[in-house]
Structure formats: structure tokens, C-alpha cells
Amino acid sequence: DIGRFNGALAFAAADADLVAWPIAGTAMTDITIELWARPDSLSGTRDVLVNSDSRIAIRVTQDSATTVHVSATMVENNGTMHTISSAPVR
């Protein structure tokens, strides 16, 4: 689906949408990813964005019925993994 603003994408929660995107393409100087999650509809951890070789991932995890946290993981060529996580978000 086409989003409301400047060709953004729109997704329906029930559709399990998948978008092919050349994340390993040229460097981008600015990008915005907006995430809305209903904590009471999640269970465990869900992928928001994972590149084709799984070296870059953004995930949302349910902490409770009212909170989630978001994490981003990057794996270097030598296998070293770096993960950052948000504080719980309501």
C-alpha cells in the first residue's frame, strides 16, 4: 500500500507484509523509521527490519501488557555483535 506522505509505505497488522529494500546500497544521509506497536497484541520479540544476511536488525519485544522495548543489532564482518536497546516504552 502507498502511505499518506511522499510515497511512504503503509502496512496492516494482519498482513505480515514483507518489503525488499536494498539496505546494503549506497549510504543514506537521512532516513526515518517510525514504529507503532500495541504492547497487548505482541508476544515475545518481533522483527521490524532485518537485512538479507541478518547482519542488521531492528526488533520490538513485549516487556508487559503495557510496555515494549526496541533494540537494534549490527554484526560486524568478524562476527562481533553490537546491540542497543531502548528503555521500556508505553
Side-chain angles (χ1 to χ4, degrees):
D1 296 336
I2 299 299
R4 227 170 114 188
F5 303 103
N6 298 323
L9 300 175
F11 302 99
D15 291 344
D17 294 305
L18 176 65
V19 175
W21 179 38
I23 198 165
T26 59
M28 292 179 268
T29 58
D30 58 348
I31 184 171
T32 301
I33 297 173
E34 183 172 335
L35 168 68
W36 290 54
R38 282 187 41 201
D40 61 340
S41 69
L42 296 173
S43 177
T45 299
R46 302 281 181 97
D47 293 338
V48 175
L49 180 146
V50 179
N51 76 326
S52 62
D53 64 1
S54 299
R55 292 183 53 220
I56 300 171
I58 298 175
R59 296 183 170 97
V60 62
T61 302
Q62 180 187 41
D63 292 325
S64 72
T66 59
T67 62
V68 297
H69 73 268
V70 178
S71 62
T73 301
M74 184 189 83
V75 180
E76 295 183 43
N77 289 335
N78 66 7
T80 302
M81 183 182 299
H82 304 277
T83 300
I84 58 171
S85 295
S86 72
V89 179
R90 291 186 182 268

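Excluded from the calculations below are hydrogen atoms, water molecules and symmetry mates; all remaining heavy atoms, backbone and side chain alike, are included.
Residues passing the side chain to side chain contact (heavy atoms under 4.5 Å, CB included) test with Asp53 are Asn51, Arg55, sequence neighbours excluded. The side chain to side chain contact (heavy atoms under 4.5 Å, CB included) check on Ser54 picks up Val50, with sequence neighbours excluded.
Closest of all the heavy-atom pairs between Gln62 and Val68 is CA-CG1, 4.1 Å. In terms of heavy-atom proximity, Ala87 sits nearest to His69 at O-CB, 4.0 Å.
Grouping Ile, Leu, Val, Met, Phe, Trp and Tyr residues whose side-chain heavy atoms lie under 4.5 Å apart, directly or via other members, places Met81 in a hydrophobic cluster with Val75.
Remark: Asp47 CG to Arg59 CZ distance equals 4.5 Å, nearest 0.5 Å.
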